[in-house]
Amino acid sequence: MNYKLRIKNSKLFSFCVAIAVFSVFHSCKSEFADNSDRFKEGVFEIPAGDNFVKETIIRKDTIQISKYGNNVDTLSIKWKNNFFYTLKYINPKNELQKDPMYIQINKLYDDKYDFTVKIGFSKFSQKGTVYKIE
């Protein structure tokens with residue numbers, strides 16, 4: 001009888017542990033909120049640097065307006081996911097602007113992200129940082 005009691009206690013103990021583990025994992029929630037889509041709309045800036053002139057960007061829905069120097073361009077923006085999007089000039093002014101730009105977001109921060117841009121299927125690649133200002 002002592003043997004049967006140990007088996008029952010062992011099964012009961014295993015069942016209780018399984019319930020406790022399930023309860024802990026089921027009740028835990030991630031403290032990290034995925035808000036990586038916060039860069040899909042708003043006002044942004046690319047500061048002037050070695051590879052870029054200062055550019056102000058306004059994004060809403062599927063449109064991006066880019067202002068740099070005395071120039072203003074309107075581009076369509078298509079998001080593949082929260083970390084990759086494609087830009088295409090709506091009214092290209094030269095042959096280079098006819099090619100789409102593929103942008104990969106490499107690293108997210110609170111108010112900015114690092115990116116790599118490629119133009120069309122060329123080997124041209126440029127890195128930069130976009131700051132969200134509104």
Side-chain angles (χ1 to χ4, degrees):
M1 270 216 186
N2 203 3
Y3 176 72
K4 287 183 180 181
L5 186 58
R6 276 192 226 162
I7 291 176
K8 283 184 181 180
N9 285 342
S10 175
K11 287 182 181 180
L12 181 62
F13 178 75
S14 297
F15 178 74
C16 289
V17 168
I19 294 294
V21 169
F22 175 77
S23 297
V24 168
F25 283 117
H26 185 66
S27 66
C28 289
K29 293 184 180 174
S30 174
E31 292 179 26
F32 177 74
D34 182 12
N35 59 353
S36 52
D37 65 344
R38 69 188 176 276
F39 296 110
K40 289 185 177 181
E41 291 193 355
V43 180
F44 306 87
E45 185 176 281
I46 299 175
D50 294 337
N51 303 314
F52 296 100
V53 296
K54 181 181 174 183
E55 183 175 355
T56 301
I57 298 166
I58 301 167
R59 286 189 192 141
K60 181 146 176 88
D61 298 322
T62 60
I63 298 294
Q64 174 171 305
I65 299 170
S66 297
K67 300 176 184 180
Y68 52 98
N70 294 326
N71 299 312
V72 177
D73 289 315
T74 305
L75 301 97
S76 65
I77 185 168
K78 184 176 180 183
W79 289 86
K80 183 176 180 180
N81 56 45
N82 289 342
F83 303 98
F84 186 84
Y85 59 95
T86 304
L87 293 171
K88 190 162 184 165
Y89 286 90
I90 292 178
N91 296 307
K93 297 172 186 157
N94 57 48
E95 287 298 313
L96 184 62
Q97 289 184 351
K98 290 181 180 180
D99 288 333
M101 292 178 278
Y102 302 103
I103 293 86
Q104 173 71 49
I105 296 175
N106 302 319
K107 188 165 184 181
L108 293 174
Y109 303 91
D110 288 337
D111 63 346
K112 66 181 180 176
Y113 64 86
D114 295 334
F115 69 92
T116 303
V117 61
K118 291 188 177 192
I119 297 178
F121 295 103
S122 70
K123 293 183 180 183
F124 175 82
S125 177
Q126 191 76 44
K127 292 185 179 217
T129 302
V130 172
Y131 295 83
K132 186 165 187 175
I133 55 177
E134 286 182 37

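Numbers here simply count residues along the sequence, with the first being 1.
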Sequence neighbours left out, cut at 3.5 Å: what donor-acceptor pairs do the side chains of residues 70-78 make with other protein atoms?
unit_1, atom_1, unit_2, atom_2, d
D73, OD1, K93, NZ, 2.7
D73, OD2, Y68, OH, 2.5
S76, OG, K88, O, 3.4

Heavy atoms only: give me the nearest [X]-[Y] pair and the separation to one decimal.
X	Y	value
F39	Y109	CZ-O, 3.8 Å
I119	M101	CG1-CG, 4.0 Å
N82	D37	OD1-CB, 3.5 Å
D110	R38	O-NE, 3.3 Å
T129	F115	N-CE2, 3.4 Å

In Å and rounded to the nearest 0.5 Å, what is the [atom1] to [atom2] distance from [X] to [Y]?
X	Y	atom1	atom2	result
I90	I63	CD1	CD1	4.0 Å
E41	T62	CD	OG1	9.5 Å
W79	I103	CH2	CD1	8.5 Å
S125	Y102	OG	OH	14.0 Å

(Q) Hydrophobic clusters here meaning ILVMFWY residues chained together by side-chain heavy-atom distances under 4.5 Å, can you tell me if V117 and I46 are in one? (A)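 Yes, one cluster joins them.
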Q: Examine V130 and L87 and state if one hydrophobic cluster contains both, with Ile, Leu, Val, Met, Phe, Trp and Tyr joined whenever side-chain heavy atoms are less than 4.5 Å apart.
A: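 As far as the 4.5 Å side-chain criterion goes, L87 and V130 are connected within one cluster.
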**Q.** Sole candidate of K132, K67, K54, R59 that passes salt bridge (Lys or Arg N to Asp or Glu O under 4.0 Å) when paired with E45
**A.**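 One option only clears the test, and that one is K54.
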Q. Can you tell if the side chain of L96 reaches within under 4.5 Å of the side chain of F124, non-hydrogen atoms only?
A.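 No, their side chains stay 4.5 Å or more apart.
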Q: State, yes or no, whether a side-chain contact exists between K98 and Y89 at a heavy-atom distance under 4.5 Å.
A: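 No, side chains not in contact.
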Q.
Parallel, tilted or perpendicular, judged at 30° and 60°: which one describes the rings of Y113 and Y85?
A.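 Answer is perpendicular, since the angle exceeds 60°.
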(Q) Does atom NZ (K112) have a neighbourhood of more than 12 heavy atoms from anything else shown, all under 6.0 Å? (A)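 Yes, because the 6.0 Å sphere around NZ of K112 holds more than 12 heavy atoms from other groups.
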Q. Side chain to side chain donor-acceptor pair (under 3.5 Å) with K80: which residues, sequence neighbours excluded?
A.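 With neighbours one apart ignored, the set is empty.
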